[in-house]
Visitor: 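Here it is, the structure in full.
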Amino acid sequence: IAHMIVDDRSALESLQTGGDPHYDRHHVKEQDLDRLVALMGKSHEALVAFLTEEYGGESPETLGFAWGETMPIARAIV
């Protein structure tokens, strides 16, 4: 679960900045399962909110800038 939180947070950072994320900033120290699940919900909600705001109604093939390059938005979040 911690890894999925890092993935969500890193994808969001990359989509917002267009560059490579700083993975160290997103490290999750929490070990309590209930809290991890809650954190995952929040991180996923933030990523989905950004995607909805920026790309809602667009094709998955719409180009976006993430991970240091231009790519279809569907690929940028995988």
Visitor: Using the salt bridge (Lys or Arg N to Asp or Glu O under 4.0 Å) criterion, which residues pair with Glu30? Sequence neighbours excluded.
Guide: Arg35

Visitor: If I compare all heavy atoms of Leu63 with all of Pro72, which pair ends up nearest, and what's the gap?
Guide: CD2-N, 3.7 Å

Visitor: Can you list the residues that meet the side chain to side chain contact (heavy atoms under 4.5 Å, CB included) rule with Asp24, with sequence neighbours excluded?
Guide: none

Visitor: Closer than 3.5 angstrom, by distance alone: can the side chain of Thr17 be matched with the main-chain N or O of Glu13 as a donor-acceptor pair?
Guide: yes

Visitor: Membership question, hydrophobic clusters at under 4.5 Å side-chain separation (ILVMFWY): are Tyr23 and Leu36 in the same one?
Guide: yes

Visitor: Just to verify, what does Met71 make a side chain to side chain contact (heavy atoms under 4.5 Å, CB included) with, not counting sequence neighbours?
Guide: Trp67, Glu69, Arg75, Ala76

Visitor: Let me confirm one number: the CG-CG distance from Leu39 to Asp34, rounded to the nearest 0.5 Å.
Guide: 11.0 Å

Visitor: Any chance you could measure His44, atom NE2, to Leu12, atom CG, to the nearest 0.5 Å?
Guide: 11.5 Å

Visitor: Looking at Val6, Asp8, Ile5, which hits side-chain contact (heavy atoms from CB on, under 4.5 Å) with His26?
Guide: Val6

Visitor: When hydrophobic residues are tied together by side-chain contacts of less than 4.5 Å, even through go-betweens, does Leu51 share a cluster with Phe65?
Guide: no

Visitor: Would you compute the distance between atom CG of Asp7 and atom CZ of Arg9 and round it to the nearest 0.5 angstrom?
Guide: 11.5 Å

Visitor: Using only atom types and a distance under 3.5 Å, with no angle test, would you say the side chain of Ser14 pairs donor to acceptor with the backbone of Ser10?
Guide: no

Visitor: Please give me the minimum heavy-atom distance between Ala66 and Leu15, naming the atom from each residue.
Guide: CB-CD2, 3.8 Å

Visitor: Same cluster or not: Val28 versus Met4, using hydrophobic residues (I, L, V, M, F, W, Y) connected whenever any side-chain heavy atoms lie under 4.5 Å apart?
Guide: yes

